[in-house]
Amino acid sequence: MESLSQFKNLPLVLFVNGRKITDTTPDPECTLLAYLRDKLRLCGTKLGCAEGGCGACTVMVSKVDRKTGHLQHLAINACLTPVCSVHGMAVTTVEVPGPASIPVQERIAKAHGSQCGFCTPGIVMSMYSLLRSSPVPSMKELEIAFQGNLCRLYRGYKTFTKEYGTDCAMGEKCCRNGNGKGCGQNGNEEVDTELFQPSEFMPYDPSQEPIFPPELKLSDKLDSESLVFRTSRTAWYRPTKLADLLALKKVHPETKIVVGNTEVGVEVKFKHFDYPVLANPSQIKELTMIERQEHGMKIGSAVTLMEMEKRAPEGD
């Protein structure tokens with residue numbers, strides 16, 4: 001049988017809220033949510049539906065786009081994300097230290113948006129991830145950011161957007177800007193602020209954000225090696241070359257390919273399926289590229305919908 005010696009047995013390495021975690025015995029069947037709560041005791045991230053539908057488990061994953069050198073900050077469902085898939089990445093939870101996250105939590109609290117509070121950490125992290133990518137987001141970006149959260153509480157978070165105060169048909173003449181009596185007036189020529197005073201909010205300052213781990217930015221070592229994490233039940237392979245993935249499929253034809261884990265994660269959790277060999281192709285160039293061809297577009301099978309929207313050439 002063909003050898004798979006190109007896959008190295010390495011420890012799992014990730015950063016969580018700025019702390020470096022090195023795990024020599026990671027479990028490929030363990031989700032990021034279970035790892036955060038059970039192993040690291042970071043219980044702010046909640047377990048809701050366990051199938052990526054409610055957003056209560058949302059955390060931020062940050063990584064370097066090796067093609068451009070830019071940082072990517074992504075809100076992800078920790079309940080479906082295998083912990084092995086965040087090798088070489090930085091994870092931020094609702095317990096993120098420092099003053100930068102306080103404005104996000106303050107506005108949802110002062111706008112009376114927390115309700116029972118169970119989904120609130122996920123909502124906070126969706127907003128926080130958006131601000132890390134776009135410090136002054138548009139209303140469209142805000143709406144897209146909350147598509148993954150069951151509760152969509154916009155009023156407090158509208159105050160972060162560039163359109164706040166001008167997001168009605170009247171534009172700058174909107175009554176909320178002090179122009180006559182109208183929907184935003186309380187009858188005394190004053191803006192209705194019974195829920196909150198926007199002027200009292202702590203300003204959001206992107207310069208106060210925790211820095212991305214320099215170790216991950218300076219070296220691509222954790223991204224470039226084909227590796228494997230094993231337990232007695234399951235093996236998780238992360239090939240970085242298409243040839244390595246094909247070699248793995250030749251030796252183990254039953255290998256299940258995992259990218260977003262929206263299918264396998266649900267099958268394992270609720271249908272009790274067993275997949276002894278898993279492979280994540282997210283570092284394979286041919287499967288993560290988008291290119292224009294003569295008669296259309298060539299899109300790799302591991303490209304996400306978000307990446308398609310962001311990276312597709314204009315006009316396509």
Side-chain angles (χ1 to χ4, degrees), residues 14-20 36 42 44-45 55 58-65 68-76 78 86 89-114 117 119-149 151-167 172 174 176-178 184 191 193 195-218 306 310:
L14 66 152
F15 287 77
V16 180
N17 295 337
R19 172 190 169 197
K20 185 176 181 179
L36 292 172
L42 294 171
T45 307
T58 303
V59 299
M60 184 177 78
V61 169
S62 303
K63 59 182 180 179
V64 179
D65 183 339
T68 65
H70 297 154
L71 293 181
Q72 295 179 318
H73 303 289
L74 307 171
I76 58 110
V86 295
M89 302 181 192
V91 177
T92 302
T93 73
V94 73
E95 294 96 344
V96 59
S101 64
I102 295 176
V104 182
Q105 301 182 24
E106 176 196 38
R107 297 192 197 193
I108 197 172
K110 289 187 175 178
H112 303 275
S114 58
C119 292
T120 305
I123 295 170
V124 167
M125 292 312 299
S126 289
M127 188 69 231
Y128 185 68
S129 300
L130 173 59
L131 290 175
R132 291 301 302 267
S133 299
S134 181
V136 186
S138 66
M139 274 301 299
K140 181 179 180 180
E141 289 175 312
L142 184 68
E143 291 168 358
I144 292 173
F146 282 97
Q147 288 177 351
N149 294 88
C151 298
R152 301 184 179 109
L153 309 172
Y154 291 138
R155 188 164 185 182
Y157 284 161
K158 280 183 178 180
T159 58
F160 279 111
T161 65
K162 64 183 71 173
E163 294 94 341
Y164 181 68
T166 61
D167 57 341
E172 292 185 358
C174 175
R176 285 179 294 182
N177 294 325
V191 178
T193 56
L195 282 181
F196 51 76
Q197 290 281 352
S199 61
E200 295 179 359
F201 286 148
M202 180 179 294
Y204 175 69
D205 185 354
S207 69
Q208 298 301 307
E209 294 289 2
I211 63 171
F212 183 79
E215 178 179 335
L216 299 182
K217 198 166 187 177
L218 294 174
M306 182 181 294
K310 183 178 180 180

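Just so we're clear, the structure is a prediction, and the values are computed from it rather than from any experiment. Note that these values count all heavy atoms, side chains included, but never hydrogens, waters or copies made by symmetry. Heads up: numbering here begins at 1 and tracks the sequence.
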I'd like to check the side-chain hydrogen bond (donor to acceptor under 3.5 Å, both in side chains) partners of S126; sequence neighbours left out, ordered by chain and number.
N149

Please list, chain by chain and in numerical order, all residues satisfying side-chain hydrogen bond (donor to acceptor under 3.5 Å, both in side chains) with S62, sequence neighbours excluded.
H73

Nearest heavy-atom pair of [X] and [Y]: which atoms, and what distance?
| X | Y | result |
| --- | --- | --- |
| T58 | A75 | CG2-CB, 3.8 Å |
| L130 | L142 | CD2-CA, 3.8 Å |
| Q105 | V94 | NE2-O, 3.6 Å |
| A90 | L216 | N-CD1, 4.1 Å |
| V59 | T45 | CG1-OG1, 3.6 Å |
| E106 | M202 | OE1-N, 2.9 Å |

Any donor and acceptor pair, going by atom type alone, linking the side chain of [X] with main-chain N or O of [Y] inside 3.5 Å?
| X | Y | result |
| --- | --- | --- |
| E95 | G44 | yes |
| E141 | S134 | no |
| R132 | Q72 | no |

Measuring from [X]:[atom1] to [Y]:[atom2], what's the distance to the nearest 0.5 Å?
| X | Y | atom1 | atom2 | result |
| --- | --- | --- | --- | --- |
| F146 | M127 | CZ | CE | 6.0 Å |
| Y128 | T92 | OH | OG1 | 6.0 Å |
| M60 | L74 | CE | CG | 9.0 Å |
| I123 | I108 | CD1 | CD1 | 4.5 Å |

Quick one: salt bridge (charged side-chain N to carboxylate O under 4.0 Å, His left out) partners of K20, sequence neighbours excluded?
E215

Side chain proximity check, L71 to V64, heavy atoms < 4.5 angstrom:
yes

